[in-house]
Structures are given as C-alpha cells and as structure tokens.
Amino acid sequence: MMSSLGSIAKHPTITLIDALTTLKELKQVHAQLLANGLLNDHHLLGQFVATIALHNPKNLTYSDQLLTNYDTPTLFSFNSMIRAYSKSSTPHKSFHFYNRILRSLNNLSPDNYTFNFLIRTCAQLLARETGPSVHGALVKYGFENDPHIQSGLIFMYAELGCLNSCHKVFGGISSPDVVCQTAMVSACAKCGDLGFARDLFDEMPGRDSIAWNAMIAGYAQRGKSREALSLFYLMQMEGVKVNEVSMVSVLSACSHLGALDQGRWAHAYIEKNKLRVTVNLGTALIDMYAKCGAMDKAMEVFWGMKEKNVFTWSSAMGGLAMNGFGEKCLELFSLMKKDGVQPNEVTFVAVLRGCSVVGLVDEGKEHFSSMKTSYGIEPEIEHYGCLVDLYGRAGRVVEALNVINSMPMQPHAAAWGALLNACRMYKNLELGELASRKIVELESKNHGAYVLLSNIYADSKKWDGVSNVRQIMKSKGVKKIPGCSVIEVDGEVHEFFVGDKSHPRYNEIEIMLGEISRRLKLFGYVANTNPVLFDIEEEEKEDALCKHSEKVAIAFGLISLREGVPIRIVKNLRVCWDCHEVTKIISKVFNREIIVRDRNRFHHFKDGQCSCRGYW
DNA sequence: CTAGGGTTAG
C-alpha cells in the first residue's frame, strides 16, 4: 500500500487515513470514526475528502457526499475537491466547489492553492473564456506574484494556444526562476515558436535536466526530430543527467524518422544506464519499434512490461494494425479488456484499422457499434473515416459512400480520401470522380486527390481525363510534394529526394540501379513507359527511367548494407504502384527483405510478396 | 494536510 512521506509524525489518525487507498477501506474507517464520535475534527474530514479524492479519482461522489454532510467544510477540503476534479474526466465540476467557497457560511475565501487548481482545470478544459476570468479573479485576490500561479498561468495559456498571454505573464515576472523559464520554453515550443524557445533556453542560467527535456520534447513534438536528437547529444556532451523523460522524447524522434539503428541505440542506452522503464518509456519503446517496422521487438517490449495502460495497449495495437497484423491487433484487444483496461477512442481507431487491413468487415462493424453501446464512447470523425476505409478496402464502395452520407458530422477530406483510394483499387471511375471533387472542395491544394483521380482515369485509359486533371492542377497551382525516402545505414540517416544526385556515392548507386533494371528485365518485368502514366504518379520523374526516391534508397541499401540485413525505408508519400511492383521483384531476385513505411502503413516485402497484399 | 517546469497512442 502506498503511504506518503508527508504524513509521517503527523496526527496518528491522519496517518491512518493517508495510508488507505481503496474506497472500501476508507468508508469503513470513516464509519468507525463516526460511530466512536471521533470525527469532530474538520482536519480529519478534510483528510478523508483529500485521500478519497486522490486515490479514487474516478469515484469522487463519495468525497462529494462527505462534504454535503458537514455544514462548514474547511478550505482544505474544498481545495482538495477542486484538485481532484481538475484531473478527473469531468473537470468543470471544480467550479462547483469554487462557488461553494465563495458562498460558504463561514466566510471562506479562495487562496493561492484554490487558484492553482482552477488554473489546471481551465487548462484541462481548454477554457478559452473561463481561463482568463480565473486569471482576472486571482489578480483581484492578489495572487499574481505567486511563482506557482505564474508558472501555472503560462502552462494554461500554452494549452489554450495563447502565446501572447504567455508572453504577458512571463514578461510581468521580475526575475523568473528556472521553473517559470522552463514553463515558458515549453509554452513557446507548444505554440510553435521554437526559435524563441531555443533563445530562452540558450540563455537560461542553471539549466537543469527538466529544462533540457522541455526543449528536446518541444522539438520532438513539432516534428523536428533531427533537432531533438542533436540537442540530446549536446545534452550528453554537457554532462547533464539524462533520465527516462529525456528518452521518451528521443524515442519519439526516432519513431518519427523511422530510425531503427538510433532507436536501438537508445534502447541499449536505457539498459546500460539502468533507467527505469516506466509505463511511458515502455510505451515509447513499443511505438518506436512499431513505427520502425520491427514489430517483433515491439511485442517483446510489450510482453515484458508489468504495468500497461491504455497508451501501451493502443500503441501496440496501432503498431500491429499498421504493420498488417490485423488479427493480432484484435487478439490484443480481447486481452486488454480481460486485463481490465478501459479502451478509449484511440484504441478503437487501432481496432478498426486492424479489421480494415485484413478485411474483417462484419467484425469491424460490430466493434464500431460497441463503442457507444458498450463503452459509451461517441464515435468521432476519425472512426467514421476508418469505417469508410473498412468498406472501401473490402470493395464495398457503395456502402463506404453510405457511411459518408450518413455520418453525423461534415465529412472531412480523409473520409473522401479513403473512398477515393478504394475507387482506385477497384477502378470505380464514377465514385472516384465524386470523391476527388469533394476533396478538392475541402482542400483545394490536396495534391494526393488529383494524383489518385488521374490514376483512376489512366487505369481506364481515359487520357482526356488525365490531361484534364493535369491542367486543373496547373491552373490551381497545386504543388507536388517532393518525394523523399530515408534509409539509415550504420546509424546515419541518408535522405534521398526525387531526382537528387548529390549523395557522395551516387555513382555506385547509379550502377546498382542499372543492375536492378537488368535483373528486373531478366525476371520478365516490363517497365511502365507510358508517358501519360509517367506524369501522374505522386512524384515527378526526372528522366525516362522511373527513379522514385525509394528506388534510389533501395539501391543504396543494396550497396551499403550487409547481405541478409533487411532494407528499411521511410517514405513521405504513398508508394506508387510501379515502385510497389518493382520492390516485390527486388525482394525476390536479390533475396532481400525490404520494409517500406509510407505515409499510411508498412509494406513488408519478402520473396516477391508484400504484406499489404496489394491494398494500400 | 492541498501547489509550480519536462514524457507516450490517432
């Protein structure tokens, strides 16, 4: 049983209460004290309220009832309730207790603790109007110079996305301590001003581990993975103590990059330095291995974890779905429920994707409807998107369209995108046109929609349609996103943009590309040389040979990685059909496992087959 | 007896 150090040598009954954790025990002791007339002390009541609220955050009604049984609860009790509700799933109830303080018979008045908890509540609620009112109120009470309040306000305004207000609060602090400065670094990073965050960080005297972690996390969260990693190396160079929290961000950066070698290095670092593998850290490891296509390692970490929370389960399930292991994803879902972990909306995204990748339409439908009926989770737009994908992938495009037409919210581009992808797979020109028209209405610069549509036209040999699409793209100024593939060799990340010949070993790469071409022809592969088709792939081709960035990266992998080592590529766009065919054949004729993570999912190529079975 | 900065899944 947990017992907090703070209670040692205090009132013996408080120590007793503090040591209790279950509601049952607390209720029993409470009844006993009451029966023996020992509960006349408001401090004891307050301790009950606080302890119950602390250990039973999901069942605050008992604490609530306790308070109503006493006519004059202490400020401590009210504050404890506000704190408890600020972290609960119903944070707004905090305000009920704030009002009770204001209306109390014994003339209580909110203190700095009260406001600190209310600030958390506002942050939690993303209360863009109430937050500033609470700020105004605490100023009236004269707490604006309390450093706890100041750092809290910076945190709150960052959550609300009000960087200006953060600056105002921060600027009003005469000599901000390291805590407030770190809060400000984090706030700027969260709101996207990494430059200011970094300047502040660089000039921070007495930067501690937390400050470094804040800056590294700031980069990692904004997708600046390389910057996050290089700052982490600097942190080590400066001899700052690295902890679990640092490694969570480092792993997150590796996940983003698909940098398996660096991720493995980070894992080894954690073990070597005996860092505690907390739930967060374990989850970050699972996510890293999963997003680097090493699902077996991810599951090894998963099974080795004693404590797993909803993040842990959802990460593992999402990873399995993304890697094409739909059935395993669903098995894990059953285990999760058996384990008593409550699934949330993110878990269901993974479940639905798991169903989708293996074509389990009926099962997916059931899970979808169970969200609300069994778990009280209202399906969000993402879940409807998954449902469209579920039908679409299975070739049931009309039902997919019905989902879009009957969803309770305005369909987003991703829903139409799922339908469009299905139309490409099943060559449904009519619906494909509708879907892409809708996408373009919603996102006039969505390059992928035009590409998929022109693919559909090309598949049906409607060249007029193809050139029409091309003209629309030109007139609307839709820019192609340059394709880029990343491959890691000996811990070094090599980036290949389409048509980019700047790599120091490009000559060798070119020779290898020739060799690939030769062996593909021997195998009987006929390159797709239709000039119309050429122009419509996701990437521009820079010459007559199809040299999409992943092919160049694969060629580089073949010359630089030892035989038998799988080639792992991370691509920023979807893999095109031609590259997909070619990669399948390369995996066979070069007897090499190739793992490609594109913007949607993984393709594990082995022995001429791909794990996606042609659906992506 | 209650508070301050950094961490994870879509």
*asked:* One thing to verify: whether A/Glu300 and A/Lys297 come together as a salt bridge, which I'm taking to mean a side-chain N less than 4.0 angstrom from a carboxylate O.
replied: yes
_Atom-pair distance (CD1 on A/Ile377; C1' on B/dG10), nearest Å_ = 13 Å
*Considering only heavy atoms and no angle criterion, is a donor-acceptor pair shorter than 3.5 Å present between the side chain of A/Asp287 and the base of B/dA9?*
no
_A/Arg353 side chain near B/dG10 phosphate (N/O to OP1/OP2, under 4.0 Å)_ = no
*Integer-rounded Å distance: B/dT7 C1' and A/Leu281 CG*: 9 Å
_Whole-Å gap separating P (B/dA3) and CG (A/Asn112)_ = 12 Å
_Distance, rounded to the nearest Å, where A/Arg276 contributes CZ and B/dT7 contributes P_ = 17 Å
*For A/Phe348, answer base if it contacts any base atom (sugar-phosphate contacts may also be present), sugar-phosphate if it contacts only those atoms, and nothing otherwise; contact means non-hydrogen atoms under 4.0 Å.*
nothing
*So which of A/Tyr85, A/Phe117, A/Phe76 actually passes ring pair (Phe, Tyr, Trp, His ring centres under 6.0 Å) with A/Phe97?*
A/Tyr85
*asked:* Once hydrogens and angles are ignored, does a donor-acceptor distance under 3.5 Å link the base of B/dG4 to the side chain of A/Asp177?
replied: yes
*Give the rounded distance in Å between these two atoms: CZ of A/Phe78 and C1' of B/dC1.*
16 Å
*Is the phosphate of B/dG6, meaning OP1 or OP2, less than 4.0 Å from a side-chain N or O of A/Gln221?*
no
*Would you please classify the geometry between the A/Tyr141 ring and the A/Phe115 ring as parallel, tilted or perpendicular, with 30° and 60° separating the classes?*
tilted
*N/O (side chain, A/Lys291) to phosphate O (OP1/OP2, B/dG10) under 4.0 Å*: yes
